[in-house]
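Notes to accompany the following structure.
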Amino acid sequence: MAAHDLITGQCRWMEGSGPHAEIVITSRVRLARNLAGRPFPHLLDDKGKQGVLAAVASAAGAGAVAQRYGKLTAIQVSELPALDRQILVEKHLISPQHAQPGGGKALLVNGDGSIGIMVNEEDHLRIQCLLPALQLHEAWRTATGVDDALEETLDYAFDEKHGFLTACPTNVGTGLRASVMVHLPGLVMTKQIGRVLSALSQVGLAVRGFYGEGTEAVGNLFQVSNQITLGQGEEEILGNLSAVVKQIIDQERSAREALVREARVQLADRVGRAYGTLQNAHILNSQEALALMSELRLGLDLKLVKGVDTRVLNELLVAIQPASLQGAAGREMQPFERDVHRAQVVRNRLVTIQS
Amino acid sequence: MVCQECKQKPASVHITQIINNDKTKISLCEDCARAYQHQLGFNFEPNFSIHKFLANLLDHEPVVGKPARASGEQCPQCGLTYSQFGQLGRLGCDRCYQVFAGRLEPLLRRIHGGFAHGGKVPRRTGGAIRVKQELRRLKAELQQLVAQEEFERAAKVRDTIRQLEQQLQA
């Protein structure tokens with residue numbers, strides 16, 4: 001598999017099926033790891049980073065990882081054009097930080113993008129498992145399995161007291177960041193979202209937008225993740241997050257039920273208009289597209305409208321992003337041109353799928 | 001819609017400001033948004049850095065343990081000095097965690113609420129850590145047994161300690 005296939009192809013997380021898929025878009029577990037005895041990436045020169053990459057690539061190529069998890073392809077992220085790097089961000093395969101210019105950055109990734117290892121991001125390794133719907137424990141099992149397989153040949157930076165040692169003290173200990181992307185239109189429409197989000201910060205969880213740290217919540221998509229990495233065990237961290245996410249799911253579900261019960265016609269009208277606009281608009285900026293797609297997604301769950309697969313909506317979440325639009329078109333575009341092209345992509349996708 | 005500022009390029013950045021319930025909407029092109037971001041009090045490209053934030057926290061941390069020879073402290077492995085850590089908010093390598101341990105503790109406690117690792121231990125290399133943990137426990141037990149003059153049991157513990165120590169060296 002070449003970098004090209006990964007950039008144009010679909011990812012496992014877009015499947016859109018699994019436990020609570022009507023509310024939870026993705027579950028992600030990432031483990032921060034460093035090699036013992038070497039400076040962390042921010043103090044390494046290019047040669048040092050190449051050394052790290054060679055060590056990680058050979059560990060990933062060695063029996064254990066390939067045997068259990070399939071072959072990982074190495075992509076030299078630093079050598080990709082900026083647009084392609086940004087597409088990988090839009091697909092959630094690398095972090096925005098990993099797409100920044102600078103040498104020695106790589107991604108080892110499996111065929112469907114569910115397993116990835118970012119090399120020379122903030123830490124030497126960031127092992128990620130990304131799955132559709134609510135599958136935190138499955139994601140953890142895979143990530144920790146890849147971690148164990150790598151550790152058969154790599155010496156990790158670890159000490160008894162601080163656990164896995166990371167460049168930033170906010171990741172030290174387990175190095176575990178677990179996050180769940182939830183779609184909460186019901187809580188937003190019923191104006192309960194503020195209360196729910198502020199409760200989350202009180203139980204040590206962080207809420208972010210669609211693209212993680214420093215991004216805004218658009219399209220009623222929120223990313224909930226653990227803050228604390230030192231002191232608690234992995235199972236405890238995951239258990240906490242799962243329990244809270246299940247509560248959010250319950251609240252969202254009852255908000256949706258209340259909306260249908262009390263304002264069915266208004267809701268059906270709104271969903272129908274959203275669907276109609278998406279199928280017929282010729283200019284769509286990304287904010288509008290995401291807002292309308294959120295309403296369509298809600299309408300599909302509540303059976304107010306039919307004929308669109310969740311998978312299509314997930315694919316569109318990425319396809320309408322600026323870099324993906326320009327990548328698919330094969331040229332750079334000005335913002336207005338992008339809006340026209342975005343509307344066309346959405347129209348085509350929603351028409352061809354319709355029964 | 002055209003950018004309100006230059007009135008030439010199309011507006012693609014839309015800002016809604018609410019000040020004392022007064023709502024104003026501003027629409028700018030990318031270039032003008034970048035140019036006026038600080039005046040408008042927002043980040044066009046979010047450049048809030050967790051590292052700077054941590055670095056600011058650090059400056060006010062009381063030092064635990066040995067009194068500061070402060071800024072002179074330097075990691076022998078990667079060369080990072082404590083004051084550089086203060087600027088970067090990031091450690092330089094695994095050794096830094098030992099070198100700056102006393103200074104890190106209050107910071108770690110502030111971030112995480114605790115500062116002792118409670119999770120996974122590496123399977124292969126972590127074996128030694130588990131053995132070391134066991135050794136520490138056995139040595140304490142040995143001292144206690146000797147103090148209680150329970151020499152027979154102490155001898156058994158001593159043998160186990162020797163075994164484990166050999167295992168560690170192997």
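Throughout, protein chains are lettered first and strands after them, A, B, ... in sequence-line order, and every chain is numbered starting at 1. No experiment lies behind these values; they were computed from the predicted model shown.
Of the two parts of A/Ser286, neither the backbone nor the side chain holds a non-hydrogen atom closer than 4.5 Å to a non-hydrogen atom of chain B. Heavy atoms of A/Leu154 lying under 4.5 Å from chain B belong exclusively to its backbone.
Checking side-chain atoms of A/Glu151 against main-chain N and O of B/Arg124 turns up a donor-acceptor pair under 3.5 Å. Looking at A/His162, its side chain never comes within 3.5 Å of a backbone N or O of B/Gln98 through a donor-acceptor pair. A side-chain donor-acceptor contact under 3.5 Å links A/His42 to the backbone of B/Leu91.
Contact count against chain A (heavy-atom pairs under 4.5 Å) is highest for B/Pro122 among B/Pro10, B/Cys78, B/Pro122, B/Gly119. Among the candidates A/Leu44, A/Thr144, A/Asn285, the residue making the largest number of heavy-atom pairs closer than 4.5 Å to chain B is A/Thr144. When B/Cys93, B/Cys75, B/Gly79 are compared by the number of non-hydrogen pairs under 4.5 Å with chain A, B/Cys93 comes out ahead. For the set A/Arg33, A/Glu235, A/Glu152, A/Gln232, the count of heavy-atom pairs under 4.5 angstrom toward chain B peaks at A/Glu152.
Enclosure of atom CD in A/Gln334 is not indicated, since only 12 or fewer non-hydrogen atoms of other residues, nucleotides or ligands lie within 6.0 angstrom. No more than 12 heavy atoms of other residues, nucleotides or ligands shown are found within 6.0 angstrom of CZ on A/Phe336. A 6.0 Å sphere centred on CD of B/Glu152 holds no more than 12 heavy atoms belonging to other residues, nucleotides or ligands.
Inter-residue side-chain proximity for B/Arg90 and A/Leu43 is flagged as unmet; no heavy-atom pair is nearer than 4.5 Å.
Using non-hydrogen atoms only and a strict 4.5 Å limit, the part of residues 34-41 of chain A facing chain B consists of A/Leu35, A/Ala36, A/Gly37, A/Arg38, A/Pro39, A/Phe40.
In this structure, OG1 in A/Thr166 is found 11.5 Å from CG in B/Asp94, a value given to the nearest 0.5 Å. The line from OG1 of A/Thr229 to NE2 of B/His117 is 9.5 Å long, rounded to the nearest 0.5 Å.
Listed here is the closest heavy atom pair of A/Pro169 and B/Tyr97: CA-OH, 4.1 Å.
Of the residues listed (A/Asp148, A/Leu176, A/Thr174), the one engaging B/Lys120 in a side chain to side chain contact (heavy atoms under 4.5 Å, CB included) is A/Asp148, and it is the only one.
Listed by first then second residue, pairs satisfying side chain to side chain donor-acceptor pair (under 3.5 Å) with a partner in residues 159-170 of chain B read B/Lys139-B/Glu165, not counting sequence neighbours.
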